[in-house]
Peer 1: 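Please read through the structure below; I'll follow up with questions.
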Amino acid sequence: MDQVVLEVATSAAEVVALEASVEEASAEVARVVDGNTINNKKRHLNNMKNLILLGAALAPSLLFAQEDYTIKGKIGAFSSPAKVYMQYADQGQRLLDSAIITNGEFKFNGTVQEPTQAYLILSLEGLPLRELQNPDVNSIYLSKGVINITGAELKTATISGNALNEEMTVYKSKMKPVEEGLKSLNDEYAASSAEKKEDEAYIADLQARAADFFKLQATLTEQFINENPNSYISLNLVDETLSPANITTFEAAFQNLSANLRNSTKGKSIAEKIEGMRKLAVGATAPDFTLPDTSGNDLSLSSLRGKYVLVDFWASWCGPCRHENPFVVAAYNKYKDKGFTILGVSLDNPGKKDAWMKAIEDDQLAQWTHVSDLQGWQSDVVKLYSIRGIPQNYLLDQDGKIVASNLRGAALDEKLAELLN
């Protein structure tokens with residue numbers, strides 16, 4: 001069993017960053033594991049599905065002492081070179097562990113400071129993590145006791161052995177309708193013709209139906225939190241689900257948690273996050289910022305007041321962003337003469353200006369203004385806008401007040417039609 005410190009993270013909740021957001025660790029794993037895209041042009045739908053299946057999970061324990069854990073796995077009858085990778089975070093460090101499989105069996109031992117979500121990823125050929133395509137994946141919580149994982153494959157394995165993971169299993173069972181619904185959409189897309197897969201109206205319909213499942217996920221998650229106020233799973237779910245768009249609902253759910261949970265390290269971190277997100281709720285004035293445009297000239301968000309402005313966070317390396325861009329272009333062309341504009345804010349990395357500029361040209365985005373300090377996830381604007389993943393956007397009115405956020409696909413056009421027609 002080989003354990004490697006990947007790099008220092010900003011918090012123990014930030015599990016692994018392969019290229020994008022550290023904080024959105026579950027989405028990062030989803031990006032690596034992504035093999036069932038509902039649309040090669042609209043990959044964010046599958047990314048969100050993976051976020052539900054892999055990242056919307058859990059973690060209980062009311063005593064926040066060190067957690068000594070043992071993982072005992074029995075998956076099929078695989079043997080070397082097959083191995084299982086385990087990704088997690090502990091005390092601000094992102095860690096990668098691995099264990100060789102012998103006759104289907106593998107084992108991990110260790111200690112974490114507090115209950116911690118981990119991702120188990122099967123590499124049948126023993127390939128490095130970054131080289132895996134559509135691997136077998138599951139998530140568990142590292143916590144005190146023995147965790148048993150048994151099954152023919154990792155993703156459908158039964159997880160048992162301690163209270164934390166038993167509760168995780170309960171939550172996953174509640175998410176079954178969401179999982180099955182999104183799988184049906186993936187299956188429908190896979191069975192459709194090549195021509196239909198390029199049909200924007202068809203894709204918009206799939207996204208609209210997917211949105212219903214995401215709403216169901218939010219409802220079931222809120223229900224679980226309210227029914228389990230003493231569960232560390234509930235605390236983690238608040239952390240993972242909380243966003244400026246749902247802050248009212250999930251702040252109330254957070255306040256309903258036990259004092260033990262709210263006063264834990266993670267609980268205090270969530271309280272701070274809630275304070276930060278209040279400034280991004282609908283009706284709040286969007287925080288102003290100044291960044292250089294493509295010519296190197298500073299431009300402030302506030303300078304665009306007088307029009308409806310879509311503040312669009314994206315990056316050239318972000319597949320889901322690039323696949324969302326046709327919708328953004330269509331919205332701009334439809335409403336640009338009705339008092340609407342866009343400010344593109346790129347999270348491209350240092351030294352990647354050429355990639356940023358090429359993406360603007362390739363995706364036909366040069367019609368509106370773009371800014372970036374080319375600092376990637378280290379940009380000050382990431383913290384200012386509590387960005388945990390991209391694409392992300394905020395729609396502002398003429399006075400700079402937020403009227404909506406995270407408008408994807410047809411939702412952007414519908415909101416603009418409501419405001420401008």
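All values below were derived from every heavy atom in this structure, side-chain atoms included, with hydrogens, water molecules and symmetry-related copies excluded. Note that the numbering runs from 1 along the sequence shown for the chain.
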Peer 1: Does any pair with a residue in residues 347-358 pass salt bridge (Lys or Arg N to Asp or Glu O under 4.0 Å), and if so which ones, sequence neighbours excluded?
Peer 2: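 Salt bridge (Lys or Arg N to Asp or Glu O under 4.0 Å) check on residues 347-358 returns K358-D362.
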Peer 1: Keeping the roles fixed (side chain from K176, backbone from S173), state whether a donor-acceptor pair exists under 3.5 Å.
Peer 2: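 Not confirmed, K176 side chain does not pair with S173 backbone.
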Peer 1: Judged by atom type as modelled, is there a donor-acceptor pair below 3.5 Å linking the side chain of R322 to the main-chain atoms of W317?
Peer 2: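 Flag not set: sc R322 to bb W317 has no pair under 3.5 Å.
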Peer 1: Would you give the length of the straight line joining atom CD1 of I247 to atom CZ of F254, rounded to the nearest 0.5 angstrom?
Peer 2: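 One finds 11.5 Å between CD1 of I247 and CZ of F254.
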Peer 1: Quick one: does D399's side chain have a donor or acceptor within less than 3.5 Å of a partner on K401's backbone?
Peer 2: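 No, because the side chain of D399 does not come within donor-acceptor range (under 3.5 Å) of the backbone of K401.
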Peer 1: Quick check for you: to the nearest 0.5 Å, what is the distance between E418 atom CD and D413 atom CG?
Peer 2: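 Between E418 CD and D413 CG, I get 11.5 Å after rounding to 0.5 Å.
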Peer 1: Please tell me if the side chains of Y308 and L419 come closer than 4.5 Å, counting only heavy atoms from C-beta onward.
Peer 2: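 In short, these two side chains touch, coming nearer than 4.5 Å.
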Peer 1: Using the six-membered ring wherever Trp is involved, compare the ring planes of H370 and W356 and label them parallel, tilted or perpendicular (cut-offs 30° and 60°).
Peer 2: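 Perpendicular.
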Peer 1: Any heavy-atom pair between the side chains of L95 and D90 that's under 4.5 Å?
Peer 2: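 In contact.
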Peer 1: Answer yes or no: is there a side-chain heavy-atom contact under 4.5 Å between L182 and F214?
Peer 2: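 Yes; the side chains approach each other to less than 4.5 Å.
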Peer 1: Kindly indicate whether the side chain of I390, heavy atoms from C-beta on, has any atom under 4.5 Å from the side chain of W377.
Peer 2: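 With C-beta onward as the side chain, the pair touches.
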Peer 1: Under the side chain to side chain contact (heavy atoms under 4.5 Å, CB included) rule, what do Y69 and S143 come out as? Steps first, then yes or no, please.
Peer 2: CA-CA 6 Å; Y69 65 85; S143 58; over 6 Å; no
Peer 1: Between L291 and S372, what is the shortest heavy-atom contact and its length?
Peer 2: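 In terms of heavy atoms, the two residues are closest at CB-N, 4.3 Å.
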Peer 1: Got a donor-acceptor contact below 3.5 angstrom from the T116 side chain to the E114 backbone?
Peer 2: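 Side chain of T116 to backbone of E114, a donor-acceptor pair under 3.5 Å: yes, one is there.
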Peer 1: CG of N393 to CD1 of I387: how many Å apart, nearest 0.5 Å?
Peer 2: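 It comes to 10.5 Å.
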Peer 1: With a cut-off of 6.0 Å (strictly less than), are more than 12 heavy atoms of other residues, nucleotides or ligands near CD of E131?
Peer 2: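 Yes, the 6.0 Å shell around CD holds more than 12 heavy atoms from other groups.
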Peer 1: So which heavy atom on P320 is nearest to which on P391, and how close?
Peer 2: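 Reported closest heavy-atom pair: CB-CD, 3.8 Å.
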Peer 1: Please check this pair: side chain of D136 against backbone of K155, looking for a donor-acceptor N/O pair closer than 3.5 Å.
Peer 2: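 Answer holds: yes.
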Peer 1: Do L416 and L395 have side-chain heavy atoms sitting under 4.5 Å apart?
Peer 2: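 Side-chain contact under 4.5 Å: yes.
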Peer 1: Mind checking ring pair (Phe, Tyr, Trp, His ring centres under 6.0 Å) for F78 and listing every partner two or more places apart, or none if nothing turns up?
Peer 2: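 If we apply the ring pair (Phe, Tyr, Trp, His ring centres under 6.0 Å) test to F78, skipping adjacent residues, there are no hits.
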Peer 1: Might you point out which heavy atoms bring R305 and T285 nearest each other, and give the distance in Å?
Peer 2: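 Nearest pair, atom of R305 first, then T285: NH2-CG2, 3.5 Å.
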Peer 1: Verify the neighbour count for atom CG of D212: are there more than 12 heavy atoms of other residues, nucleotides or ligands below 6.0 Å?
Peer 2: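 Count over threshold, so yes.
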Peer 1: Checking the side chain of D239 only, and the main-chain atoms of I270 only, is there a donor and an acceptor separated by less than 3.5 Å?
Peer 2: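 No, the answer is negative, given that no donor and acceptor are paired below the 3.5 Å cut-off.
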Peer 1: Could you report the tightest heavy-atom contact between V345 and V311, atom names first, then the distance?
Peer 2: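 That closest heavy-atom pairing would be CG2-CG1, 4.0 Å.
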Peer 1: Using the test side-chain hydrogen bond (donor to acceptor under 3.5 Å, both in side chains), find all partners of S379 that sit at least two apart in sequence or belong to another chain.
Peer 2: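 Per chain and number, S379 pairs via side-chain hydrogen bond (donor to acceptor under 3.5 Å, both in side chains) with D373.
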Peer 1: Is any side-chain heavy atom of R130 less than 4.5 Å from a side-chain heavy atom of P128?
Peer 2: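 Heavy-atom side-chain distance check fails, nothing below 4.5 Å.
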Peer 1: Counting distance only, does the side-chain N/O of N246 pair as donor-acceptor with the main-chain N or O of T241 below 3.5 Å?
Peer 2: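 Answer holds: yes.
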Peer 1: For K174, I'd like to know if atom NZ has over 12 heavy atoms of other residues, nucleotides or ligands within 6.0 Å.
Peer 2: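 Yes, because the 6.0 Å sphere around NZ of K174 holds more than 12 heavy atoms from other groups.
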Peer 1: Side-chain contact, heavy-atom cut-off 4.5 Å: Y85 with P135?
Peer 2: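 No, every pair of side-chain atoms sits at 4.5 Å or beyond.
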Peer 1: Please step through side chain to side chain contact (heavy atoms under 4.5 Å, CB included) for the pair L206 and Y189, ending with a clear verdict.
Peer 2: CA-CA 8 Å; L206 284 179; Y189 172 77; 4.1 Å; yes
Peer 1: Check the surroundings of atom CD in E361: do more than 12 heavy atoms from other residues, nucleotides or ligands lie under 6.0 Å from it?
Peer 2: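 12 or below, so no.
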Peer 1: Side chains of W314 and N325: does their closest heavy-atom pair fall under 4.5 Å?
Peer 2: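 The answer is yes, as the side chains (C-beta and beyond) meet within the 4.5 Å cut-off.
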Peer 1: In Å and rounded to the nearest 0.5 Å, what is the CG to CE distance from L242 to M277?
Peer 2: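 Answer for the CG-CE pair, L242 versus M277, is 4.5 Å.
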Peer 1: For K336, does the NZ atom have more than 12 heavy-atom neighbours from other residues, nucleotides or ligands under 6.0 Å away?
Peer 2: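 Counting neighbours around NZ of K336, more than 12 heavy atoms of other residues, nucleotides or ligands fall under 6.0 Å, so yes.
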Peer 1: Between atom CZ of F213 and atom CD of E179, what is the distance when rounded to the nearest 0.5 Å?
Peer 2: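 Rounded to the nearest 0.5 Å, the CZ-CD separation comes out at 11.5 Å.
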Peer 1: Between Y88 and L142, is there a donor-acceptor pair closer than 3.5 Å when you use the side chain of the first and the backbone of the second?
Peer 2: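 Not a single qualifying donor-acceptor pair exists.
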Peer 1: At their closest point, which heavy atom of V238 faces which heavy atom of I225, and how far apart are they?
Peer 2: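 Residues V238 and I225, closest heavy atoms: CG2-CD1, 3.6 Å.
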Peer 1: Using a cut-off of 6.0 Å, state whether more than 12 heavy atoms not belonging to E166 lie near its atom CD.
Peer 2: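 Counting other residues, nucleotides and ligands, CD of E166 exceeds 12 neighbours.
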Peer 1: Taking side-chain hydrogen bond (donor to acceptor under 3.5 Å, both in side chains) as the definition, give me every residue that meets it alongside T156, ordered by chain and number, with sequence neighbours left out.
Peer 2: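 If we apply the side-chain hydrogen bond (donor to acceptor under 3.5 Å, both in side chains) test to T156, skipping adjacent residues, the hits are E153.
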Peer 1: So, K415 side chain and S405 main chain: donor-acceptor pair closer than 3.5 Å or not?
Peer 2: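 No, the answer is negative, given that no donor and acceptor are paired below the 3.5 Å cut-off.
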Peer 1: Determine whether R408 and Q207 satisfy the following criterion, side chain to side chain contact (heavy atoms under 4.5 Å, CB included), listing intermediate values before the conclusion.
Peer 2: CA-CA 9 Å; R408 303 282 184 85; Q207 290 177 326; 5.8 Å; no
Peer 1: With distance as the sole test, does N138 use its side chain to make a donor-acceptor pair with the main-chain N or O of L120 at under 3.5 Å?
Peer 2: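 Flag not set: sc N138 to bb L120 has no pair under 3.5 Å.
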Peer 1: Where does the angle between the aromatic ring planes of Y385 and F289 fall among parallel (under 30°), tilted (30 to 60°) and perpendicular (over 60°)?
Peer 2: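 Ring orientation, 0 to 90° scale: perpendicular.
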Peer 1: Working to the nearest 0.5 Å, report the span between CG of L420 and CG of D337.
Peer 2: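 It comes to 11.5 Å.
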Peer 1: Checking Y202 against E188 for the side chain to side chain contact (heavy atoms under 4.5 Å, CB included) test, could you report, in this order, the C-alpha distance in whole Å, the side-chain angles of both residues, the deciding distance, and whether it holds?
Peer 2: CA-CA 11 Å; Y202 172 62; E188 178 184 335; 3.5 Å; yes
Peer 1: Minimum heavy-atom separation for S123 and L132, please, with both atom names.
Peer 2: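 Taking every non-hydrogen atom into account, OG-CD2, 3.5 Å.
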Peer 1: Return a table of donor-acceptor pairs under 3.5 angstrom between the side chains of residues 294-304 and protein atoms on other chains or two or more places apart.
Peer 2:
| unit_1 | atom_1 | unit_2 | atom_2 | d |
| --- | --- | --- | --- | --- |
| S300 | OG | T290 | OG1 | 2.5 |
| S302 | OG | D288 | OD2 | 2.8 |
| S303 | OG | S300 | O | 2.6 |

Peer 1: Partners of A417 by side chain to side chain contact (heavy atoms under 4.5 Å, CB included), sequence neighbours excluded?
Peer 2: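 Partners of A417 under the side chain to side chain contact (heavy atoms under 4.5 Å, CB included) test: Y335, N421.
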Peer 1: Within 45° of the ring axis of F106 and under 6.0 Å from its six-membered ring centre, is that where the NZ or CZ of K83 lies?
Peer 2: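 Cation-pi check for K83 and F106: fails.
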Peer 1: Between Y332 and F340, how do the two ring planes meet: parallel, tilted or perpendicular, split at 30° and 60°?
Peer 2: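 Tilted, since the angle between the ring planes falls between 30° and 60°.
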